[in-house]
Structures are given as structure tokens and as C-alpha cells.
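Okay, structure first, notes after.
Keep in mind that the numbers below use all heavy atoms, side chains included, and drop hydrogens, waters and symmetry copies.
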Amino acid sequence: MSLVPPPAIPGAVNFRDVGGLPAGTGVTRTGVLFRSGTLARLDSVARAAIGGLGLRRVVDLRDEEEARAEPTVLEPAVGETVRVPLFLGSVASFFERDMSLHDLYAHMIDESAPRLVSVVRAVVETQPVLVHCTAGKDRTGVSVALTLAAAGVDEDAIVADYARTASTLSPERNRRIVEWLRRVHPDARHLEELATASPAHVMREVLERLRDAYGSPVDYLRASGLRDDEIVELRRVLVAQR
């Protein structure tokens with residue numbers, strides 16, 4: 001789990017710094033890579049707090065419909081926003097198909113490899129950087145996990161950082177979203193899991209699947225276009241030796 005307490009960002013969902021994670025003989029640097037859910041409900045205090053982080057880039061993983069419904073406007077406090085819509089298909093379609101988290105992540109790994117490489121590359125190119133989607137759970141969870149794996153972060157720490165998300169989502173938020181989704185998809189069996197859960201075993205299965213198929217998560221990224229010099233640079237900017 002991250003050793004860095006989350007900054008106080010009122011209105012930011014599931015916001016945290018991924019500094020402080022063990023990475024072999026090193027540790028991930030603080031103030032370099034942040035992750036969160038939606039940033040559409042920030043007040044002036046929160047915007048000032050975001051501005052104080054010195055972010056040079058925000059990587060937005062949401063689709064066009066989500067971004068239009070809840071626009072993220074952080075400039076000029078943040079240098080730029082890079083859009084990398086990570087899903088092929090709308091978020092609603094995954095609830096309509098009643099996908100489990102396991103199936104959703106397998107779909108992401110199989111169908112969105114070039115986009116996942118683009119997220120990692122966006123982190124390599126410019127820091128400090130924030131990666132976010134709507135809940136900061138699934139798209140952010142998988143892309144940040146792969147970024148950390150490529151940087152050499154210990155697997156247990158990657159899994160723990162992913163699993164931490166469920167504890168950051170408020171019961172009120174979960175109740176409201178599940179009630180709304182249940183009205184729209186009354187027969188969906190996996191709805192609550194998809195909307196609120198981040199169980200450790202699901203992320204561990206993702207990493208194991210990539211090892212079985214490619215040799216390692218970083219080899220999966222290599223197979224999809226991430227270069228060795230980019231991996232070296234990622235490890236340089238993200239990990240400090242102890």
C-alpha cells in the first residue's frame with residue numbers, strides 16, 4: 001500500500017499519490033504519479049490544491065460521452081489534458097452485458113493494449129502526471145498497475161494499491177450509484193461488483209495472466225509497442241533507489 005497519505009482534495013474521488021511503494025531496492029517517488037476518479041466536482045479550494053501539486057499533465061481515460069457529461073477543466077493550473085479513451089465500447093455496455101470484473105479486465109487487456117501503452121508513455125513523457133477515469137477503479141486501476149509493473153514495483157504492492165480503492169469510495173456514493181444502476185439493469189448479477197469492488201485477487205489474476213501469455217506485464221507492454229528506452233526512463237523518473 002502507498003505510504004503517502006492522500007492530499008486533501010475536496011470533491012476528488014479516490015485521489016492519491018502512488019509514491020512510497022517498494023520497487024526492488026527502491027521506492028516509488030512521491031509527487032510524480034497521481035491517480036483518481038472524476039475531477040468534475042472540484043470547488044475553488046480543491047482547484048487550488050490541485051494547482052499546488054505542480055501537475056504538468058492529466059491523462060483522462062474516459063470516453064467522449066463521459067467527458068461531455070462531467071467535463072474536467074483544470075487549465076491553467078495543469079499544463080495539459082491528454083485524452084486516452086481506454087474502453088472499446090461505452091461503459092454502459094459493460095453493465096448491459098453483465099460483465100464481471102474478471103471479464104472486464106480481460107477485455108481491456110485483449111482489446112486496449114495500444115491504449116494502455118499510450119497511458120504508460122504519457123507518464124514517461126511528462127511529470128508530475130495524474131491518471132484518472134470516473135471512479136479511478138478499473139481503467140485507472142489497470143493502467144496504473146501496468147505502469148507500476150513496468151517500473152519494477154513489487155507485485156504485492158501493486159495489488160495492494162489497486163485493492164485500496166474500494167475503501168476510498170464512500171458508502172453513500174456506492175449506495176447511490178448501485179440504486180441507479182439497479183433501476184436501469186435490474187437483472188445484472190455483477191452490477192455491484194463492477195461499480196464498487198476492487199478485490200485483490202482480480203488484479204493478481206490480471207498479472208498472472210500476463211505472465212502466462214507474455215512472460216511478464218512489461219513484456220505485454222513491449223509486445224504492444226513500448227520501447228526499452230521508455231521502460232528505462234519510466235524506472236528513472238518513478239523509482240528512487242534507497
Side-chain angles (χ1 to χ4, degrees), residues 1-2 6 9-16 34-43 46 58-73 83-112 115-116 119 130-146 158-209:
M1 184 177 294
S2 172
I9 310 289
V13 175
N14 189 19
F15 187 99
R16 61 187 183 269
F34 299 85
R35 55 175 293 175
S36 80
T38 182
L39 298 166
R41 304 183 188 96
L42 303 181
D43 60 18
V58 169
V59 183
D60 186 345
L61 307 179
R62 300 173 301 162
D63 63 33
E64 293 291 340
E65 182 178 345
E66 291 173 279
R68 282 197 303 271
E70 292 194 315
T72 297
V73 181
R83 296 290 314 288
V84 187
L86 206 55
F87 284 150
L88 296 177
S90 69
V91 172
S93 70
F94 300 118
F95 289 100
E96 291 164 2
R97 293 157 62 184
D98 195 18
M99 297 179 79
S100 67
L101 277 179
H102 173 86
D103 293 338
L104 177 63
Y105 293 0
H107 172 86
M108 204 183 313
I109 291 296
D110 291 342
E111 302 296 332
S112 299
R115 293 173 173 82
L116 287 164
V119 177
L130 167 70
V131 178
H132 86 95
C133 54
T134 295
K137 182 172 80 71
D138 303 315
R139 288 165 288 188
T140 299
V142 171
S143 58
V144 167
L146 290 178
I158 295 171
V159 171
D161 179 69
Y162 164 79
R164 181 182 175 188
T165 284
S167 68
T168 73
L169 300 176
S170 74
E172 172 58 26
R173 174 260 180 204
N174 290 346
R175 181 194 61 77
R176 185 178 67 254
I177 288 177
V178 169
E179 286 180 356
W180 180 81
L181 288 169
R182 186 62 68 193
R183 289 195 296 271
V184 179
H185 309 287
D187 299 321
R189 295 172 299 146
H190 301 293
L191 180 152
E192 189 165 352
E193 174 194 61
L194 210 57
T196 68
S198 61
H201 72 87
V202 173
M203 180 53 65
R204 206 171 292 280
E205 288 168 4
V206 169
L207 300 175
E208 289 173 356
R209 183 169 184 256

Taking F87's backbone N and O only, do any of them form a donor-acceptor pair with R115's side chain (distance below 3.5 Å, no angle check)? no

D98: side-chain contact (heavy atoms from CB on, under 4.5 Å) partners, not counting sequence neighbours: A188, R189, H190

Quick one: side-chain contact (heavy atoms from CB on, under 4.5 Å) partners of E70, sequence neighbours excluded? T38, A40, R41, R62

Compare all side-chain heavy atoms of I9 with those of L42 and state whether any distance is below 4.5 angstrom. yes

Under-4.0 Å salt bridge between D110 and R209: yes

A side-chain contact here means heavy atoms from C-beta on lying under 4.5 Å apart; do F15 and H132 qualify? no

Mind checking the NZ-CZ spacing from K137 to R35? Nearest 0.5 Å is all I need. 10.5 Å

Could you tell me whether the side chain of V184 reaches within less than 4.5 Å of the side chain of F95, counting heavy atoms only? no

Pairs where residues 176-188 contributes a residue and the test side-chain hydrogen bond (donor to acceptor under 3.5 Å, both in side chains) is met, not counting sequence neighbours: R175-E179

If I take atom CD1 from residue I158 and atom CZ from residue R204, how far apart are they, to the nearest 0.5 angstrom? 9.5 Å

Let me have the donor-acceptor pairs involving side chains of residues 191-201, under 3.5 Å, with sequence neighbours excluded, atom names and distances please.
unit_1	atom_1	unit_2	atom_2	d
E193	OE1	L101	N	3.1
T196	OG1	E192	O	2.7
S198	OG	Y162	O	3.4
S198	OG	A163	O	3.1
S198	OG	A166	N	3.0
H201	ND1	E205	OE2	3.3

Less than 4.0 angstrom from a charged side-chain N to a carboxylate O is my criterion; do D161 and R16 meet it? yes

When rounded to the nearest 0.5 angstrom, what distance separates OH in Y105 from CG in L207? 11.5 Å

From L86 atom CG to D63 atom CG, the distance as rounded to the nearest 0.5 Å: 10.5 Å

For S143 and V119, which heavy atoms make the closest approach, and how far apart are they? CB-CG1, 3.8 Å

Atom pair OG1 (T134) and CG (L61), whose distance is rounded to the nearest 0.5 Å: 9.5 Å

Would the distance check show the side chain of S167 and the main-chain N or O of R164 forming a donor-acceptor pair, the cut-off being under 3.5 Å? yes

Could I get the full list of side chain to side chain donor-acceptor pair (under 3.5 Å) partners for S112, not counting sequence neighbours? none

Any non-hydrogen side-chain atom of S36 less than 4.5 Å from a side-chain atom of N14? no

Validation row: I109, L146 side chains within 4.5 angstrom (heavy atoms): yes

Counterpart residues, salt bridge (charged side-chain N to carboxylate O under 4.0 Å, His left out), relative to D138 (two or more places apart): none

